[in-house]
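The structure under discussion appears below in the form of structure tokens.
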Number of protein chains: 2
Amino acid sequence: MLQSQELTDRIVARFDEMSPQLQKAARYILENGQEVALVSMRELARNARVQPATMTRLAQFLGLGGYEDIRAQYSQALRLQADGFAARAQAREADAPSGSGLAYGMLQMLSSQIARLQAPESLARLERVADRLAGAGRVYVLGLRSCHSVAWHFHYVMTLLGEKTVHLDGPAGTGVDGMRRAGPQDVMLVISVNPYARQTLELVGLAQDKGVGIVALTDSEVSPLARVAEEVVICATESETFFHTLTPALAVSEVLCGLLADRDRDRALRALQEADRHLQGLDTYASDIPTRRG
Amino acid sequence: MLQSQELTDRIVARFDEMSPQLQKAARYILENGQEVALVSMRELARNARVQPATMTRLAQFLGLGGYEDIRAQYSQALRLQADGFAARAQAREADAPSGSGLAYGMLQMLSSQIARLQAPESLARLERVADRLAGAGRVYVLGLRSCHSVAWHFHYVMTLLGEKTVHLDGPAGTGVDGMRRAGPQDVMLVISVNPYARQTLELVGLAQDKGVGIVALTDSEVSPLARVAEEVVICATESETFFHTLTPALAVSEVLCGLLADRDRDRALRALQEADRHLQGLDTYASDIPTRRG
DNA sequence: CTGACTTTGCAACATGTGTTTCAAATTCTT
DNA sequence: AAGAATTTGAAACACATGTTGCAAAGTCAG
């Protein structure tokens, strides 16, 4: 499969060999690449003042099957460009095996989804969420079912940073007990994506009743959480396999931790060093498989 | 003529008034704006799993003449976005404040780290790990401390897919009990990065003694796990803040789930449908904050 | 000037498009 | 539980699509 730049190069290289009508069509394509992706070939032909058949002949002259191949490459180029992810220069190799093709596609999509979080609006939201969490008395962290990992990880890192977060989770249904002392000076960070766990929504309702601020990581502007949260970060969940992805949400969670740590770097560093000493003292880490005796 | 942001705002504003199918179409358009410009409405409807008529109804519901009006606006937005791409990228890098700069840098690095997993060698390893796991009697999943999220999520998704994984985790130190019946036909998937938890390494040693196969997600070719595992996938952990990132490892975990599901798509689909019915039957999900009585 | 070859316009073709209409299915109200 | 209203799926419709094939037009060599 060709890149649109590669196709562009090929058009330029063979321009002299083309008949006048082919040259007319080729020039129009070179000068209006995004229109190739956005309008039909017949409309493009009209705009270029050539016959539709000329476009098909041009594609075949260039060694392609038909005009659809031209459009597909310009469409893909526009997708990559619109995503704003400069590092993804290489398109997928033709005929990759099914398994690797799936893995490749999943990774490409994940990378793109995380890159999209770099948009100015998204960055501004991340800042506002971090501000809100930094100013809270206590931060309650809630993520159920598939979102558990994101909530747990946020809480884990924040405890290493010496922050007072409360993870609303626990065995034998005790997780919600953590909300007992919550009040208006506190904030709940809730992570939930479609399909939304009823218990998550119920706990958010409870938090609202107690005057707790809500900030949310969710999948859409039309999520029920988006309606009640003061601040929302939208995390893509679309996936090329059967279930939604939580990788962008984890990325966002880690970025929030980073922003919070950044607000008091000295304190965060001290807390990490203390945690490190504590864990070293407990012999928590090792750098090799222990040799077993007996 | 509306801007696509204005149309987006209108969709969000009126979302609650929409029927379930209109909401499904609306959500898909919000999440896939550039596809609106790049593919036909019938193809978009197929991807969104709605009837073509639904797309037309949505447009009319929004006060537009027909779907073409939706497409025209998203096309125009894409034209504007593509035109300004290079200039906006440069402005962002020059002007971003410290906080957003940190967030931007973290996201850029994460996106790049995941993109690097698309290398052929990495894809080949993913295939081999998936093969090994697919052929196992039982899969034991181990990830402690910061790696807990990745292990838990893998286990969670695999249970949805109907697979027999055992998560070596549990309260009151009981997690290791799951290893009691492990044997040579089983495989352990271990996730650990520097600093490596001693208990992780001890359990890996125990698994080796029992003849259990080991596959590892870890951070380096020189990780202690890399020395003892049959297959290794290297996940970057480098971060622009104080602590290592687990986002690439979660991405890898999800890709492995996808590859395993791909090996028996029909079975995976049936398992997910059964899980869905089961959870629906338990009233696990909701689409709005419940109204509290009293 | 003529014949051969190439280029080009145009129409037919099979298929896809967005919209409309109708009836079945679902939901809501009484 | 029944009737009304709304939602939805599916098919038909008119039109647009990209491609193919044929013949007219144009160009070039002898």
Side-chain angles (χ1 to χ4, degrees), chain A residues 1-2 4 7 11 14-29 32-33 35-76 222, chain B residues 2 4 7 11 14-29 32-76 277 280-281 283 285-288 291:
Chain A
M1 183 214 243
L2 293 174
S4 78
L7 179 57
I11 292 174
R14 298 193 68 191
F15 192 78
D16 288 343
E17 302 168 50
M18 293 176 193
S19 69
Q21 288 293 307
L22 291 186
Q23 287 185 340
K24 191 172 178 180
R27 184 187 297 278
Y28 195 86
I29 286 176
N32 297 276
E35 293 305 297
V36 173
L38 295 174
V39 304
S40 71
M41 175 266 273
R42 279 186 183 247
E43 188 176 344
L44 198 84
R46 283 195 292 275
N47 293 340
R49 295 202 178 17
V50 297
Q51 293 291 322
T54 301
M55 293 295 183
T56 301
R57 289 169 182 146
L58 177 60
Q60 289 165 348
F61 176 83
L62 294 170
L64 303 173
Y67 180 81
E68 274 308 308
D69 291 336
I70 295 183
R71 180 215 306 291
Q73 291 184 34
Y74 277 94
S75 294
Q76 190 59 18
V222 294
Chain B
L2 293 173
S4 80
L7 179 57
I11 293 173
R14 300 195 64 192
F15 191 80
D16 286 344
E17 301 169 51
M18 294 176 193
S19 69
Q21 287 293 309
L22 290 185
Q23 289 185 340
K24 192 171 176 181
R27 181 189 291 273
Y28 196 87
I29 286 175
N32 297 276
Q34 70 188 30
E35 292 306 294
V36 173
L38 295 174
V39 303
S40 70
M41 176 266 274
R42 278 186 181 250
E43 186 175 344
L44 198 85
R46 280 195 293 274
N47 293 339
R49 290 186 180 31
V50 297
Q51 295 289 322
T54 301
M55 293 294 183
T56 301
R57 288 168 182 149
L58 176 61
Q60 290 166 347
F61 175 85
L62 295 170
L64 303 172
Y67 179 82
E68 274 310 308
D69 291 336
I70 294 183
R71 183 217 304 292
Q73 292 184 33
Y74 277 94
S75 295
Q76 190 58 18
R277 280 195 295 272
Q280 293 278 12
D283 209 24
Y285 300 121
S287 56
D288 218 338
T291 305

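Hydrogens, waters and symmetry mates are skipped; everything else that's a heavy atom, side chains included, is used. Each chain gets a letter, A, B and so on, in the order the sequences are listed, and its residues count up from 1. What you see is a predicted model; the values in this text were computed from it and never measured.
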Using the side-chain contact (heavy atoms from CB on, under 4.5 Å) criterion, which residues pair with [X]? Sequence neighbours excluded.
{"X": "B/Arg57", "value": "B/Leu22, B/Ala53, B/Thr54"}
{"X": "B/Arg49", "value": "B/Lys24"}
{"X": "B/Ala59", "value": "B/Leu64, B/Ile70"}
{"X": "A/Glu43", "value": "A/Val39, A/Ser40, A/Arg46, A/Asn47"}

- Task: Test B/Met41 against B/Thr56 for side-chain contact (heavy atoms from CB on, under 4.5 Å), laying out the working first.
- Result: CA-CA 9 Å; B/Met41 176 266 274; B/Thr56 301; 3.7 Å; yes

- Message: Taking salt bridge (charged side-chain N to carboxylate O under 4.0 Å, His left out) as the cut-off, I'd like each qualifying pair that reaches into residues 60-74 of chain B, sequence neighbours left out, listed once.
- Response: B/Glu68-B/Arg71

- Item | Pair listing, salt bridge (charged side-chain N to carboxylate O under 4.0 Å, His left out) test, anchored in residues 14-23 of chain B, at least two apart | A/Arg227-B/Asp16, B/Arg14-B/Glu17

- Message: List the residues meeting side chain to side chain donor-acceptor pair (under 3.5 Å) with A/Arg42, not counting sequence neighbours, and say none if there are none.
- Response: none

- Message: Could you work out, with side chain to side chain donor-acceptor pair (under 3.5 Å) as the rule, every residue matching B/Glu35, not counting sequence neighbours?
- Response: A/Arg79

- Query: Quick one: what's the B/S/- string for nucleotides 19-24 of chain C, heavy-atom cutoff under 4.0 Å, read 5' to 3'?
  - Reply: BBB---

- Query: Over its full length, what angle do the end axes of the helix from C/dC1-D/dG30 to C/dT30-D/dA1 make, each axis taken from five pairs and the result rounded to 10 degrees?
  - Reply: 20°

- Message: Are the side chains of A/Met18 and A/Leu58 in contact, using a 4.5 Å heavy-atom criterion?
- Response: yes

- Query: Any side-chain heavy atom of A/Tyr67 sitting closer than 4.5 Å to one from A/Gln60?
  - Reply: no

- Query: Which is it for B/Tyr74 and B/Ile29 under the side-chain contact (heavy atoms from CB on, under 4.5 Å) test, yes or no, and what are the steps along the way?
  - Reply: CA-CA 10 Å; B/Tyr74 277 94; B/Ile29 286 175; 3.6 Å; yes

- Span of DNA chain D engaged by chain B, first through last nucleotide within the 4.0 Å heavy-atom cut-off, is D/dT7 to D/dA12

- Message: Could you tell me how far apart B/Leu44 (CG) and C/dG16 (P) are, to the nearest whole angstrom?
- Response: 17 Å

- Close residues, residues 17-25 of chain A, relative to DNA chain C [heavy-atom separation under 4.0 Å]: A/Ser19, A/Pro20, A/Gln21

